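Notes follow the structure.
What you see is a predicted model; the values in this text were computed from it and never measured. When a ligand or atom number is given, it counts from 1 through the structure's own listing order. Position 1 is the first residue of the sequence; numbering continues from there.
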Amino acid sequence: MGNFCCHFEARHDDDDENKADLSKATIVFVLGGPGSGKGTQCELLVKKYGYKHLSAGDLLREEVKKGTQLGKEMESIMKEGKLVPTEVTVKLLRKAMQASSNDKFLIDGFPRAIDQAETFEQDIKPPALVLFFDCPEEEMKKRLLKRGESSGRADDNEETIVKRFRTFLDCSMPVIEHYERQGKLAKISAVPPPDEVFVEVQRAMDGLSTEHGEKPRASDHVAAHAQGAGLMAA
Ligand SMILES: Nc1ncnc2c1ncn2[C@@H]1O[C@H](COP(=O)(O)OP(=O)(O)O)[C@@H](O)[C@H]1O
Ligand SMILES: Nc1ccn([C@H]2C[C@H](O)[C@@H](COP(=O)(O)OP(=O)(O)O)O2)c(=O)n1
């Protein structure tokens, strides 16, 4: 049994000197299992709240498309359902953030392991809010297989989906628990149709003060509502 959180050897380079100042940025992490609907909700969030949407998976797939040696290594890791080294992903995210004129970011599909959260927080800053889309595996699998009919994604196949679920449980659930302990987590059921999920997303976002990155009370707010509606997992 392999270590599903494993990484290959990290590389250092320093081509991101002269960083744009991200200290005043508002950061919202968007987490959830594969196929839980992160990208779908991010599209709605962009329209309503004007955030810049950065999908870690999309940034990685763009690198793979470039066909570099690093891209080839990343492609094989992703086909195995494992995680690309933290350093690679954080660097791509930081570059994309610095290239944006926006100062509000939805970071979708990241952090997916505790070391990713720690590195991002040290290099950039902590999130103001963490949205977590809670969805049963069977539902996610059904959605991914359907998406795979047209996505062209090398990882939307049954074999890789099972491995991605394993990685999610082993590596990403601890991240969710970490932010839950910090009171930053808004746990939202991803099972209802997208517009209904978005109602809960808006509740969490509306509890977030974007002015100075103040700590939100989203978890209290959303948890109370979700529990009332019988939506929370145990
Ligand atoms: N609430 C939902 N109910 C049913 N299907 C959904 C819902 N949200 C997303 N989907 C569909 O499920 C698939 C995965 O959604 P996506 O947003 O790509 O997930 P993720 O970014 O978490 O991998 C897509 O085909 C999408 O259209
Ligand atoms: N923080 C991240 C995000 C994605 N990856 C890799 C591993 C993931 O299985 C793939 C695809 O991620 P993406 O967020 O696009 O997709 P899913 O949420 O799994 O549908 O990218 C990573 O290694 N580290």
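The closest protein non-hydrogen atom to atom 26 (C) of ligand 1 is Thr40 OG1, 3.8 Å. Nearest protein heavy-atom neighbour of atom 3 (C) of ligand 2: Gly109 O, 3.1 Å. Nearest non-hydrogen protein atom to atom 25 (O) of ligand 1 is Arg147 CB, 3.8 Å. In terms of protein heavy-atom proximity, atom 23 (O) of ligand 2 is nearest to Val84 N, 2.6 Å. The nearest heavy-atom contact from the protein to atom 4 (C) of ligand 2 is Arg112 NH1, 3.5 Å. Lys38 N, 3.6 Å is the protein heavy atom nearest to atom 20 (P) of ligand 1. Nearest protein heavy-atom neighbour of atom 2 (C) of ligand 1: Arg143 NH2, 3.4 Å. What sits closest to atom 19 (O) of ligand 1 on the protein, heavy atoms only, is Gly37 N, 3.2 Å. When only non-hydrogen protein atoms are considered, atom 21 (O) of ligand 1 lies nearest to Gly39 N, 2.9 Å. Counting protein heavy atoms only, atom 1 (N) of ligand 1 is closest to Pro192 O, 2.8 Å. Here the protein heavy atom with the shortest distance to atom 20 (O) of ligand 2 is Arg164 NH2, 2.9 Å.
Using the six-membered ring where Trp is involved, Phe110 and Phe120 have ring planes that are tilted, between 30° and 60° apart.
Residue Leu144 places no N or O, backbone or side chain, under 3.5 Å from any N or O of ligand 1. Of the polar atoms of Ala56, none of the N or O atoms is found under 3.5 Å from an N or O of ligand 2, judged by distance alone. At least one N or O atom of Gly35 sits closer than 3.5 Å to an N or O atom of ligand 1. Between Asp108 and ligand 2, not a single N/O pair is under 3.5 Å apart. Distances between N or O atoms of Ser55 and those of ligand 2 include no value under 3.5 Å. Not one N or O of Met78 is nearer than 3.5 Å to an N or O of ligand 2, by distance alone.
Once rounded to the nearest 0.5 Å, the distance linking CD of Gln98 with CG of Leu93 reads 11.0 Å. Lys184 NZ to His178 NE2: the interatomic distance, rounded to the nearest 0.5 Å, is 8.0 Å. Distance check: Leu45 CG to Leu106 CG gives 5.5 Å after rounding to the nearest 0.5 Å. Here the straight-line distance linking atom OG1 of Thr160 with atom CZ of Phe165 works out to 11.5 Å at 0.5 Å rounding. For the atom pair Leu54 CG and Ser100 OG, the distance stands at 7.0 Å (nearest 0.5 Å).
Here the closest heavy-atom approach between residue Ser151 and residue Asp156 is recorded as OG-OD2, 3.0 Å.
Ligand 1 does not have Gly32 within reach: every non-hydrogen atom of the residue lies 4.0 Å or more from it. Within the 4.0 Å heavy-atom shell around ligand 1 one does not find Ser151.
Side-chain atoms of Ser189 and Asp134 include no donor-acceptor pair closer than 3.5 Å.
Annotation: side chain of Phe198 is not in contact with side chain of Pro193 (no heavy-atom distance under 4.5 Å). Side chains of Leu131 and Val28 form a contact here, defined as non-hydrogen atoms less than 4.5 Å apart. Side-chain contact between Ile161 and Pro34 is absent, with no heavy atoms from C-beta onward closer than 4.5 Å.
The residues Arg143 and Glu139 are annotated as salt-bridged, a charged nitrogen and a carboxylate oxygen being separated by less than 4.0 angstrom. For the pair Arg112 and Asp170, the salt-bridge criterion is not met [side-chain N within less than 4.0 Å of a carboxylate O]. Classification of Glu63 and Lys66 as a salt-bridged pair holds, one side-chain N sitting under 4.0 Å from a carboxylate O. Lys24 and Asp103 are not joined by a salt bridge, as no carboxylate oxygen comes within less than 4.0 angstrom of a charged side-chain nitrogen. With respect to Lys79 and Asp155, no salt bridge is recorded, no charged nitrogen being found less than 4.0 Å from a carboxylate O. Between Arg61 and Glu75, no side-chain nitrogen of the basic residue sits less than 4.0 Å from a carboxylate oxygen of the acidic one, so the salt-bridge criterion is not met.
Listed by number with element, the atoms of ligand 2 under 4.0 angstrom from any heavy atom of Arg61 are 11 (C), 15 (O). Residue Gln116 has at least one heavy-atom neighbour below 4.0 Å for each of these atoms of ligand 2: 1 (N), 24 (N). Within ligand 2, the atoms closer than 4.0 Å to a non-hydrogen atom of Leu83 are 22 (C), 23 (O), 24 (N), numbered from 1 in the order shown. Counting atoms of ligand 2 from 1 in the listed order, those under 4.0 Å from a heavy atom of Lys38 are 18 (O). Close approach of ligand 1 to Ala190 is summarised as follows: ligand atoms under 4.0 Å from at least one heavy atom of the residue are 1 (N). Heavy-atom contacts of Gly35 reach the following atoms of ligand 2: 20 (O) (cutoff under 4.0 Å).
With a 4.0 Å cut-off on non-hydrogen atoms, Arg147 touches ligand 2 through its side chain and not its backbone. The residue Thr167 has no part lying near ligand 2, judged by heavy-atom distances below 4.0 Å. In Lys82, the part holding a heavy atom less than 4.0 Å from any atom of ligand 2 is the backbone. Counting heavy atoms under 4.0 Å from ligand 1, residue Ser55 does not touch it at all. Of all the heavy atoms of Leu60, the ones lying under 4.0 Å from any atom of ligand 2 belong exclusively to the side chain. Contacts between Arg153 and ligand 2, counted as non-hydrogen atom pairs separated by less than 4.0 Å, involve the side chain only.
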